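For reference, the structure discussed in these notes is given below.
What you see is a predicted model; the values in this text were computed from it and never measured.
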Amino acid sequence: MSDHNGSEFKGFKPKLFKFIKDLKANNNRDWFTENKPRYQSDVVEPVLQFMDALKPKLHKISPHILVKAKAHNGSMFRIYRDTRFSKNKDPYKEHVGCQFRHELGRDAHAPGFYFHLEPGNVFFGGGVWMADSDSLHKIRQYIVDNPRAWSNVKKNAKIKKYFPEGIAGDGLTRPPRGFDKEHQHIEDLKRKSFYLMRSVPMKTAKSPDIVTEVSETYKAAMPLMRFLGKALEVKI
């Protein structure tokens, strides 16, 4: 594999999005096997270059969140779908995803960052996605114990600027057991995920500015990341 020098990253080329578009039209093993060299050169290589460029910037934002710019067992999700429990039996994902996890590892319940690329849908941000019940209880309890700090996260100027839609995450229809249904933050206490995501136009992804856009966005999400880290007792 060629050397992916991050300092030279100039933005994602149209051929990355063209590959994903073609894959959507031909989501089968024969087509993918035939086009695998194209996947390597047009998708994997530029994503590794992007991660190399992002790595030093993210390290400054949080030294505890890791960027692993590797084609296997790194920060880039595999293109292969797990179809075992899905009605959709298409073998390949029709997007590119990267997850920058906490240094504690894959099984640690800690906040992390995400990056997503597909034609017409580019977004990135951070937080905790579908926390296990123990972690969820810790986050909810920490909000109850620190209501003002939680309000400050939600009112943070950078968060409002970069994430105008605010903190997201699917929630329960009823208040979680053991929590006051009249609590000032009850809608947040119902959440099962706590994250901030920002969408950008395709032209931003194709620009050399994408690395700065992503790093600045991750930096803007840090008040939430730090709050969640404290709740889960992990350093962020």
Side-chain angles (χ1 to χ4, degrees), residues 4 6 44 47-82 85 93 95-117 123-146 149-150 152-154 156 158-159 162-163 167-171 176 185 188-198 211 214-236:
H4 40 90
V44 176
V47 171
L48 296 181
Q49 289 169 2
F50 163 76
M51 289 197 280
D52 270 342
L54 181 66
K55 190 173 184 173
K57 291 177 182 288
L58 185 49
H59 186 76
K60 283 181 186 170
I61 296 165
S62 171
H64 305 287
I65 308 286
L66 305 182
V67 177
K68 296 181 180 177
K70 298 191 299 182
H72 303 288
N73 299 319
S75 298
M76 184 178 179
F77 281 113
R78 285 158 53 87
I79 192 78
Y80 308 100
R81 290 184 66 249
D82 182 350
F85 310 109
K93 295 172 188 167
H95 65 268
V96 174
C98 300
Q99 188 173 23
F100 307 120
R101 300 176 191 269
H102 196 274
E103 63 190 354
L104 291 176
R106 187 178 291 271
D107 298 322
H109 301 292
F113 290 113
Y114 180 68
F115 177 74
H116 183 104
L117 280 179
F123 61 87
F124 37 88
V128 167
W129 173 257
M130 295 300 284
D132 66 289
S133 56
D134 182 47
S135 301
L136 204 47
H137 185 81
K138 283 181 179 175
I139 295 168
R140 287 168 174 162
Q141 192 58 52
Y142 198 73
I143 291 172
V144 168
D145 294 343
N146 301 276
W150 183 245
N152 288 341
V153 170
K154 293 172 74 172
N156 180 276
K158 276 280 180 78
I159 284 178
Y162 281 85
F163 310 98
I167 294 165
D170 287 345
H185 296 306
D188 293 315
L189 296 175
K190 289 180 186 176
R191 294 187 193 283
K192 295 178 281 184
S193 298
F194 298 82
Y195 59 85
L196 293 160
M197 285 292 159
R198 176 185 175 215
V211 176
V214 172
S215 60
E216 290 297 316
T217 302
Y218 288 170
K219 192 176 179 181
M222 282 303 284
L224 173 65
M225 298 286 281
R226 280 192 286 264
F227 186 96
L228 295 171
K230 285 176 184 171
L232 298 169
E233 299 173 279
V234 295
K235 286 182 179 176
I236 296 297

Report task. Any chance you could measure Lys219, atom NZ, to Phe113, atom CZ, to the nearest 0.5 Å? Result -> 11.5 Å

Query raised in the report: How long is the span from the CG atom in Leu196 to the NZ atom in Lys158, to the nearest 0.5 Å?
Result: 13.5 Å

Query - ring-ring contact (aromatic ring centres under 6.0 Å, His included) partners for Phe227, two or more places apart - result: Tyr142, Trp150

Query raised in the report: Can any side-chain N or O of Arg140 pair as donor or acceptor with the backbone N or O of Leu189 at less than 3.5 Å?
Result: yes

Using atom types as modelled, flag every donor-acceptor pair under 3.5 Å from a side chain in residues 128-135 to any protein atom, sequence neighbours excluded.
residue, atom, partner, partner atom, Å
Asp132, OD1, His109, ND1, 2.9
Asp132, OD1, His109, NE2, 3.3
Asp132, OD1, Ser135, OG, 2.5
Asp132, OD2, Asp134, N, 3.3
Asp132, OD2, Ser135, N, 3.4

Report summary line: Correct closest heavy-atom pair for Gly169 and Tyr195 would be CA-CE2, 3.7 Å

Query - Electrostatic pair Arg191:Asp188 at N-O distance under 4.0 angstrom - result: yes

Query raised in the report: For Lys190, does the NZ atom have more than 12 heavy-atom neighbours from other residues, nucleotides or ligands under 6.0 Å away?
Result: yes

Query raised in the report: Does atom NZ of Lys154 have more than 12 heavy-atom neighbours, drawn from other residues, nucleotides or ligands, at distances under 6.0 Å?
Result: yes

Query raised in the report: Within the side chain of Ser75, is there an N or O that forms a donor-acceptor pair under 3.5 Å with the backbone of Lys68?
Result: yes

Query - Donor-acceptor pair, side chain of His102 and main chain of Lys235, under 3.5 angstrom - result: yes

Requested in this report: Calculate, to the nearest 0.5 Å, the distance between atoms CG and CE belonging to Leu48 and Met76 respectively.
Outcome: 7.0 Å

Report task. Mind checking the CZ-CG spacing from Phe124 to Leu117? Nearest 0.5 Å is all I need. Result -> 9.0 Å

Side-chain donor-acceptor contacts of residues 58-66 below 3.5 Å, not counting sequence neighbours, with atom names and distances?
residue, atom, partner, partner atom, Å
Ser62, OG, His64, N, 3.3
His64, ND1, Glu103, OE2, 2.6

Query raised in the report: Is the side chain of Asn146 donor-acceptor paired with the backbone N or O of Ala149 at a distance under 3.5 Å, no angle test?
Result: no

Report summary line: Shortest non-hydrogen pair, Ile159 vs Val153, comes out as CD1-O, 3.4 Å

Report task. For Asn73, look at atom CG and say whether over 12 heavy atoms of other residues, nucleotides or ligands are found less than 6.0 Å away. Result -> no

Query - Non-hydrogen atoms of Val47 and Cys98 that approach each other most closely - result: CG1-SG, 3.7 Å

Report task. Evaluate the ring planes of Tyr218 and Phe100, with Trp represented by its six-membered ring, and classify them as parallel (under 30°), tilted (30 to 60°) or perpendicular (over 60°). Result -> perpendicular

Query raised in the report: Hey, is NZ on Lys93 packed in by over 12 heavy atoms from elsewhere, all under 6.0 Å?
Result: yes

Report summary line: So CD of Gln99 and CZ of Phe115: to nearest 0.5 Å the spacing works out to 14.0 Å

Query raised in the report: To the nearest 0.5 Å, what is the distance between NE2 (His137) and CD1 (Ile139)?
Result: 11.5 Å

Query raised in the report: What closest approach, in Å, do Lys57 and Ser215 show between heavy atoms, and which atom pair accounts for it?
Result: CD-OG, 3.6 Å

Query - More than 12 heavy atoms of other groups within 6.0 Å of Asp82 CG - result: yes

